[in-house]
Amino acid sequence: MRHSLTNKFLPAVAVGALVLAACGSDDDASSSDETSSGESDCGATVEDGVLTVATGEPAFFPWVIDDDPSSGEGFEAAVAYAVAAEMGYEGDAVKWVRTTFDEAIQPGAKDFDINLQQYSITPERQENIDMSLPYFTSNQAIVALSGSAAEGATSIADLKDVKFGAQAGTTSLQFITDVIEPSSEPFVYDDNVGAKAALEANQIDAAVFDLPTALYVSAVEIEGSSVIGQFPAEAGGTTDEFGMVLAKDSALTGCVNDAITAITASGALADINAEWLADNTGAPVISE
Amino acid sequence: MSQLTRRQEYERGRRRRGAVIASASTIIVVTAVIVLVPRFEGWSRVRKAFFDREVFLDSFPRLLEAFWLDIQIFLWSTPLIFALSLAIAIARNTRSPALFPLRAFAVIYTDVFRGVPVILIIFLIGFGVPGLFDSRAWSNPLIWGTVALVLSYSAYVSEVIRAGIDSVHESQRAAARSLGMTGNQTMASVVLPQAMRRIVPPLMNSLVSLQKDVALVSLIGPVEILRRAGIEKSNFANFTPYLGAALIFLILTIPCTRLADWLLARERRRTGATAVA
């Protein structure tokens, strides 16, 4: 039967050889920065005269209130309108769409101009997408049920034997694995809803969120839970800086950055923060 | 090797010719793809997003490591699925009037667990049942994720087994009973052995499917390869880790599918059918 076997695999071998050949010609370092103009152009939007802003589905409190960003209520909804106004898009000239994380990073034409849903700015991500200047800086915070192994922790050393959970693709997860380094591998969920379900099902001791989310989860969503600690950068934590996602080499990036700089300088951003985000001074600080 | 007959010579020639044609057409198609795809204006973007060499090399070892969890879930759920689906199939094949409740249960079981998507079963059992326990050991998502997979897959596999049992001719049962075998003996030593041989290919099919679906357990927390790829994707904002994960799955599933093909071919030979080119 040997001959029939070789015959059968000959086409497959041919494909393999060709694929290898194709991969070999991979090194021509071309075409990566052909369009990086550096010039800001506030008119270069997806839809003429309209700024299309993307957020998650659903969008969560306190970032967007009642999953209705067009109301302008909630921190990110308000920031989007403030930035849009700086760029010259007022009221009805702002249109909302919903995307997942993957839609925000996939190659090809985007159906949004800016996308904000608590994207942390990291150098790795900036290789593949444009990220604006930060519009918010958050500490990481731990939420646990009363009586959990994490309760009463005051230092990272107290947290080593805690079973953690976090949402995939967040810096909260990186924070667990890189800073806390717990003895058991953290569980990871599609979204914060999964992390909250696991907390309630007693599958994890504690979940890590950004501080505003943590304050909301503990105060409203999960009975008997509390923020047992937040980690400022100076205490060995990693602070998260949220930036807006734009298509790689977008002509809008410079314009968006100018707008964020302007609302930061004018104090408008601080006012929005004070209006929509809970005062976080009550949450205890955990040190290294 | 002995001298080939003229007929065998002729057939060998035809096979060679077929292989050459297949290779040539394959080369043409693949070349066309390799030549044409890079001509799309967005190819450099797509190449960077899906075929980034550095991201691939960086993430691949962690993907491989996470794959071990998939293999473990696969290894311990397979025998459970087989045992449960065999029990369900046999329950459904009972003939005694007194066992009607058992048959009804088997029917309802297959209806329910084939009717609900695996993902939903994993969410419902994976997050729902652990709430009953205070002990962390019993609320482990690996346990309940596996239970969900076993429940779902048993419903499918039991139908395959039932089809196998039904495919054994009634005269086989009659002959066994006339030899004085009891119903159970007939099932165990006459019907099942024949049925099992016939359903090996579809069973392999279910196993290949299970090899991929174990990744769904990641929905309730454990970090296996699909989740690990998603984490790497988010960290790099690049889809190349998904390609790495797909390759790792192929390394496992292709040998399994080839094995299933081989078993199917062997079964054809055994049952006397010849392949018509």
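Just so it is clear, the values below take in all heavy atoms, side chains as well, and ignore hydrogens, waters and symmetry mates. Predicted model only: the values in this text are computed from it and were never measured. We name chains A, B, ... by the order of the sequence lines, and we start the count at 1 in each one.
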Original post:
How far does OG of B:Ser234 sit from CD of A:Glu124, to the nearest 0.5 angstrom?
Top reply: 12.0 Å
Heavy-atom pair of closest approach, residues [X] and [Y]:
X	Y	result
A:Asn202	B:Arg136	O-NE, 2.7 Å
A:Ile129	B:Ala237	CD1-CB, 4.1 Å
B:Pro130	A:Gln203	CG-NE2, 3.2 Å
A:Glu127	B:Lys48	O-CE, 3.5 Å

Answer with side chain, backbone, both or neither: which region of [X] has an atom nearer than 4.5 Å to a non-hydrogen atom of chain B?
X	answer
A:Tyr189	both
A:Gln126	neither
A:Pro123	neither

Original post:
Any side-chain heavy atom of B:Lys233 within less than 4.5 Å of one from A:Phe101?
Top reply: yes
**OP:** Would you mind reporting whether A:Lys248 and B:Arg45 have side-chain heavy atoms less than 4.5 Å apart?
**Re:**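 No; the side chains remain at least 4.5 Å from each other.
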A quick test of your reading: do over 12 heavy atoms of other residues, nucleotides or ligands sit less than 6.0 Å from [atom1] of [X]?
X	atom1	answer
A:Asp161	CG	no
B:Trp43	CH2	yes
B:Glu65	CD	no

**OP:** Flag the one option from A:Val188, A:Leu173, A:Thr122, A:Thr170 with the top tally of heavy-atom pairs under 4.5 Å to chain B.
**Re:**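 If we count pairs closer than 4.5 Å to chain B, A:Val188 comes out on top.
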Original post:
Between B:Asn238, B:Ile231, B:Asn235, which has the largest tally of heavy atom pairs under 4.5 Å with chain A?
Top reply: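 Going by pairs under 4.5 Å, I would pick B:Asn235.
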Subject >> Partner chain A: residue of B:Ser135, B:Pro141, B:Gly42 with the largest heavy-atom pair count (under 4.5 Å) >> reply: B:Pro141
Which atoms of [X] come close to chain A, meaning under 4.5 Å heavy atom to heavy atom: side chain ones, backbone ones, both, or neither?
X	value
B:Phe133	backbone
B:Ser218	backbone
B:Phe239	side chain
B:Ile220	backbone
B:Phe40	neither

Original post:
Residues in side chain to side chain contact (heavy atoms under 4.5 Å, CB included) with A:Thr137, at least two apart?
Top reply: A:Thr239, A:Glu241
Subject >> Check against side-chain contact (heavy atoms from CB on, under 4.5 Å), A:Val193 and B:Phe127 >> reply: CA-CA 11 Å; A:Val193 179; B:Phe127 281 143; over 6 Å; no
Original post:
What parts of residues 221-230 of chain B touch chain A if we use heavy atoms and a cut-off under 4.5 Å?
Top reply: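 The list, in residue order, reads B:Gly221, B:Pro222, B:Val223, B:Arg227, B:Arg228.
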